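To keep things clear, I will list the structure first and then write my remarks on it.
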2 protein chains.
Amino acid sequence: MPRTLPKHATAEDMKYVQDTLYVISGKWKMMIILAICAGNNRFKEIQRAIPDITPRMLSKELKELEQNKLVVRKVYDESPVLIEYGTTPYCKSFGAIIHEMIRWGKEHRKIIKR
Amino acid sequence: MPRTLPKHATAEDMKYVQDTLYVISGKWKMMIILAICAGNNRFKEIQRAIPDITPRMLSKELKELEQNKLVVRKVYDESPVLIEYGTTPYCKSFGAIIHEMIRWGKEHRKIIKR
DNA sequence: TCTACCGGTATACAACAGTATACCGGTTAC
DNA sequence: GTAACCGGTATACTGTTGTATACCGGTAGA
């Protein structure tokens, strides 16, 4: 893993970075993913797991996550119909970034505090 | 580098992630950092290097980057006074995340396109 | 029948991020 | 003196993001 800034990052590279940022931007997206990973798979479960989120935001963010294939929405055609959200294997590829962010954020707080 | 999502990420961890996201959020921050890395160290140089940025935004983003110690503002007391922006060694610790984002964004575009 | 849960949607609004446009005082080059 | 560059600031606006609050039809249990 390189520890220097890319000196020759192209405009193309920047687009990729912006894409990645776009996909995870949004106040609740990360929390939603983690809530699902923690076993909250139904709409109301996720809502309860994330105290202050409104159903409107949850609905909206879930749709975006689904479009970006980080989350799948499964409909079980029982009665009453059961809906479950799950993370995709692809979503797990996100792990590296999340861990890097935790590490960097931790470090950052130390740096800023002095 | 772990390739799975953190199953037991704490609320604390989430704060760090949000912090990291906060520091690099902003439409122009990444481009500003890369522009400086590419050798554009003066205000107007950076402005010319990033075609559509307004001086207001450049000023604002530079201040935030300075507060977060990713960028330093050096004043050379010649006449006329010369001001130079530079990235900090700390800023380079960001490299890992940028590279991860480029990699992931590239991958993501493939995934989404099919 | 009444209440409560499910998976959401509708409408209106507030807050924040970003843009457009003009301008500032100081310095140097013609 | 006047034009152009430097490093920005001021004001007003637009656009996007997130919030608040209420509500929907369908199902299940008492």
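Note that this is a predicted model, so its numbers are computed, not measured.
Note on Ser59(A): a side-chain N or O is less than 4.0 Å away from OP1 or OP2 of dT9(C). Contact annotation: Lys63(B) reaches the phosphate of dT9(D) (side-chain N/O to OP1 or OP2, under 4.0 Å). Taking only side-chain nitrogens and oxygens, Arg73(B) comes nearer than 4.0 Å to OP1 or OP2 of dG8(D). Phosphate contact (OP1/OP2 of dC6(D), side-chain N/O of Arg48(B), threshold under 4.0 Å): present. Side-chain nitrogen and oxygen atoms of Tyr85(A) include at least one within less than 4.0 Å of the OP1 or OP2 phosphate oxygen of dG8(C). For Arg42(A) and dC6(C), the shortest distance from a side-chain N or O to OP1 or OP2 is not below 4.0 Å.
Side-chain contact between Leu58(B) and Leu62(B) is present, with at least one heavy-atom pair separated by less than 4.5 Å.
Following rounding to the nearest Å, Ile32(A) (CD1) and dG7(C) (P) show an atom-to-atom distance of 15 Å. Rounded to whole Å, the distance from CZ on Phe43(A) to C1' on dG25(D) is 15 Å. In this structure, Glu78(A) places its CD atom 13 Å from P of dT27(D), rounding to the nearest Å. Protein atom CD of Gln47(B) is 13 Å distant from nucleotide atom C1' of dA20(C), rounded to whole Å. The CD-P distance, from Glu84(B) to dG8(D), rounds to 12 Å in whole Å. If you measure from atom CG of Leu82(A) to atom P of dG8(C), you get 11 Å, rounded to the nearest angstrom. Atom P of nucleotide dA4(D) and atom NZ of Lys44(B) are separated by 14 Å, given to the nearest angstrom. If you take CG of Asp77(B) and C1' of dG7(D), they are 14 Å apart, rounded to a whole angstrom.
Rounding to the nearest 0.5 angstrom, the gap separating the CG atom in Leu70(B) from the NZ atom in Lys29(B) is 9.5 Å. The CD1 atom of Ile98(B) sits 11.5 Å away from the OG1 atom of Thr20(A) when rounded to the nearest 0.5 Å.
The heavy-atom pair separating Cys91(A) from Ile33(A) by the smallest distance is SG-CG2, 3.8 Å. In terms of heavy atoms, Val17(A) sits closest to Met101(B) at CG1-SD, 3.9 Å.
Comparing Leu62(B) and Pro55(A) by the nucleotide of DNA chain D whose heavy atom lies nearest to each, the residue mapping closer to the 5' end is Leu62(B).
Listed for the Gln18(B) side chain is no donor-acceptor partner under 3.5 Å among the backbone atoms of Met14(B).
In this model, no donor atom of one side chain and acceptor atom of the other lie less than 3.5 Å apart for Tyr16(B) and His108(A).
Here dT27(C) is the nucleotide among dT27(D), dG8(C), dT27(C) with the atom lying nearest to any side-chain atom of Ser79(B).
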Under 3.5 Å, which N/O atoms of the protein pair with N/O atoms of nucleotides 16-19 of chain C?
residue : atom : partner  : partner atom : Å
dG18(C) : OP1  : Lys27(B) : N            : 3.1
dT19(C) : OP1  : Lys27(B) : NZ           : 2.7
dT19(C) : OP2  : Trp28(B) : NE1          : 3.1
dT19(C) : O4   : Arg56(B) : NE           : 3.0
dT19(C) : O4   : Arg56(B) : NH1          : 3.4

